[in-house]
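The next block holds one structure in the form of C-alpha cells; read it before the comments.
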Amino acid sequence: MAKRTQSIRPSDLPTKTVRAADGTIVRMKVVQADSPTLGLDLQAAFRSNVRRIRAADRRKHEPDTATA
C-alpha cells in the first residue's frame, strides 16, 4: 500500500496584505525559506493562487444576469 505524504493546506500558510505599485491591495501567502517543509509550502501557495485566479476568471466570463 502506498504511503500518504504529508500535506499542507493553503489555509495553513500565513497571509500578508500589501499594496502593489499601481495602488491595488494584494493578499499574498507567506512562505518561509528555511522551513523544513518548503516544497509543500510552495505547492500549497501555488494551489491557492491557481484557485483564486480560476475563480476570478469564471467571474469575468459569467453572463451578466442583471441586464438580461
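Small disclaimer: the values here were computed from a predicted structure and weren't measured. What you see below is based on every heavy atom in this structure, not just the backbone, and it leaves out hydrogens, waters and symmetry mates.
Interatomic distance, N49 CG to M28 CE, rounded to the nearest 0.5 Å: 9.0 Å. Distance CD1/I53 to NZ/K60: 10.5 Å, rounded to 0.5 Å.
A pairwise comparison of heavy atoms in Q32 and V30 identifies NE2-CG1, 3.8 Å as the closest pair. In plain terms, the two heavy atoms of R47 and I8 that are nearest each other are NH2-O, 2.7 Å. The shortest heavy-atom contact between K29 and S48 is CE-OG, 3.6 Å.
Partner L38 forms a side-chain contact (heavy atoms from CB on, under 4.5 Å) with one of L40, D34, L42 and no other, that one being L42.
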(Q) Set out, in order, the CA-CA distance, both residues' side-chain angles and the distance that settles side chain to side chain contact (heavy atoms under 4.5 Å, CB included) for R54 and D57, then state yes or no. (A) CA-CA 5 Å; R54 285 184 177 169; D57 195 43; 5.5 Å; no

